[in-house]
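The block underneath contains the structure these notes are about, expressed in structure tokens.
Numbers restart at 1 for each chain; the letters A, B, ... are given by sequence-line order, proteins then strands.
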There are 2 protein chains.
Amino acid sequence: MKMVQILQTSTLFAGTTADEIASLLQCLEGRTDDYERDWAIIKEGDHTDELGIVLTGRVHITRHDFWGNRSLVADVAVGESFAEALACTALPSEVSVVTAERSTILFLNVHKIVASCQKCCLYHHTLIENMVRLLSQKNLELMKKIDHLTKRSTRDKLLSYLNSESRRQQNRTFTIPFDRQQLADYLCVERSAMSTELSRMQADGLVEYRRREFTLHHEEF
Amino acid sequence: MKMVQILQTSTLFAGTTADEIASLLQCLEGRTDDYERDWAIIKEGDHTDELGIVLTGRVHITRHDFWGNRSLVADVAVGESFAEALACTALPSEVSVVTAERSTILFLNVHKIVASCQKCCLYHHTLIENMVRLLSQKNLELMKKIDHLTKRSTRDKLLSYLNSESRRQQNRTFTIPFDRQQLADYLCVERSAMSTELSRMQADGLVEYRRREFTLHHEEF
DNA sequence: TACCCTGTGTTGGAAAAACAACATATATAC
DNA sequence: GTATATATGTTGTTTTTCCAACACAGGGTA
């Protein structure tokens with residue numbers, strides 16, 4: 001798929017035509033870069049003024065504590081973006097951004113997005129409004145993640161996550177972007193305990209699964 | 001303290017003079033409202049186009065699951081704001097906003113903030129940039145909260161929270177805005193287990209506390 | 001002063017999660 | 001196809017959290 005087509009599905013460029021996007025990209029001086037799998041695009045402590053939009057592949061937002069425990073904060077798929085908030089502040093990053101597959105990323109300087117731009121393009125104001133919408137959306141997504149973590153038991157965390165994923169993909173049968181270890185890191189539970197709980201849930205008829213493909217049987221939440 | 005002085009400390013009006021704020025408030029058609037303690041300003045399921053800025057008092061962002069378990073998402077003090085992201089989307093709220101004390105709130109319509117405004121005020125662009133900064137800041141705060149919840153043990157959650165609060169108040173001795181039950185709801189643990197863990201931490205010399213006043217003894221993280 | 005109310009700390013038993021070690025299945029490379 | 005590496009599931013033990021019930025302290029009030 002061509003870059004412009006992907007961008008039209010993104011929140012940042014929502015409601016703009018292909019021509020307008022082309023014009024905006026020039027104005028914003030965007031750049032693209034390719035990465036192998038497991039490459040750290042941003043490391044903890046880094047700073048950047050650019051947000052990233054995934055054109056191909058997939059990236060994960062991760063964190064490590066002092067004892068080396070990994071936690072997986074978020075999954076970013078094609079057309080989605082990362083580091084918007086980081087790029088809008090002067091602070092160092094508290095998270096890493098790592099490719100989960102070989103990926104192509106478009107980088108855009110947020111200051112060029114937000115700054116008023118008299119000369120170049122008429123569509124710039126749409127872009128600023130989209131930037132506000134994008135940040136709001138991320139905000140609500142983080143809320144949703146907090147919602148999963150708020151659940152006290154492993155089962156409730158799993159149900160909360162699986163239901164939100166089912167709703168997002170608008171299907172009771174869906175594929176998750178994580179393997180078991182990554183899912184455990186995402187929900188902040190222990191992998192083997194989580195596997196055990198998944199088995200119990202399947203035995204209880206709540207869910208069926210095979211590898212990354214899940215089918216929810218009861219509508220919960 | 002006068003409203004304009006409080007607003008000058010807020011992220012949204014950062015870098016604007018008192019006169020500019022007065023002009024902007026007219027342009028934005030802001031309104032204020034007073035609330036008794038424990039009043040629900042926003043209920044789960046509600047929608048609004050207005051963000052709120054706390055002028056006096058304090059509000060809490062809360063959530064309830066199906067079994068009635070309360071979770072306390074965030075504390076919002078004077079000069080801080082809430083519902084920015086909600087007001088930027090068309091979605092119903094997943095959280096409630098409840099006064100923790102008798103409070104006065106300034107409400108501002110986000111569309112009026114974000115919309116370009118040719119006629120009225122020159123400072124409007126600063127406002128839009130501040131809106132982006134505000135949303136980014138909220139974003140990073142949510143990240144910080146996720147960071148606390150990511151910790152597996154009650155002790156680590158407490159240390160993570162107490163350290164961040166200590167750093168925020170730039171003092172090893174500080175007062176938290178929660179009673180024990182609220183703190184437990186905020187960290188998503190059980191109150192009595194948390195009390196027990198606090199005792200152990202005090203016995204271990206990590207921390208001293210009396211009611212809401214804490215003193216950290218070791219710099220961790 | 002005596003009384004209540006609320007917040008906080010303590011305890012012991014029940015339940016759940018973490019941990020470690022291993023078994024099985026699947027994918028990949030040769 | 002076989003070998004190898006990786007992903008997933010299982011089991012038994014240890015540790016932690018949850019829960020319920022109660023004890024205690026301090027503040028406010030009659």
Completion exercise
Ranking Leu198(A) and Ser192(B) by the position along DNA chain D of their nearest nucleotide, the one closer to 5' is Leu198(A)
Problem - Side-chain donor/acceptor of Arg191(B) to base of dG9(C), under 3.5 Å - result: yes
Exercise for the section: Please name all residues satisfying ring pair (Phe, Tyr, Trp, His ring centres under 6.0 Å) with Phe214(B), sequence neighbours left out, ordered by chain then number. Expected result: Tyr209(B)
Practice task
Determine yes or no for a side-chain-to-main-chain donor-acceptor pair under 3.5 angstrom, with Glu213(A) supplying the side chain and Arg210(A) the backbone.
Solution key: no
Practice task
Select base, sugar-phosphate, or nothing to describe what Tyr209(B) touches, counting heavy atoms under 4.0 Å on all strands.
Solution key: sugar-phosphate
Fill in the blank from the handout: With the side chain defined as heavy atoms from C-beta on, Ser199(A) is closest, among dT10(D), dT10(C), dA17(C), to dT10(D)
Exercise for the section: Answer with base, sugar-phosphate or nothing: what part of the nucleic acid does Thr196(A) contact at a heavy-atom distance below 4.0 Å? Expected result: base
Practice task
Mind checking Ser195(B) for me? I need base, sugar-phosphate or nothing, with any heavy atom below 4.0 Å counting as a touch.
Solution key: base
Problem - NZ or CZ of Lys145(B) within 45° of Tyr186(B) ring axis and under 6.0 Å - result: yes
Exercise for the section: For Arg210(A), answer base if it contacts any base atom (sugar-phosphate contacts may also be present), sugar-phosphate if it contacts only those atoms, and nothing otherwise; contact means non-hydrogen atoms under 4.0 Å. Expected result: sugar-phosphate
Fill in the blank from the handout: Of the candidates dT10(C), dT26(C), dT8(C), the side chain of Arg211(B) sits closest to dT8(C)
Practice task
Could you work out which one of dC19(C), dC18(D), dT8(C) sits closest to the side chain of Glu190(A)?
Solution key: dC19(C)
Practice task
Using modelled atom types only, decide if a donor and an acceptor are shared between the side chain of Thr99(B) and the backbone of Trp39(B) within a distance under 3.5 Å.
Solution key: yes
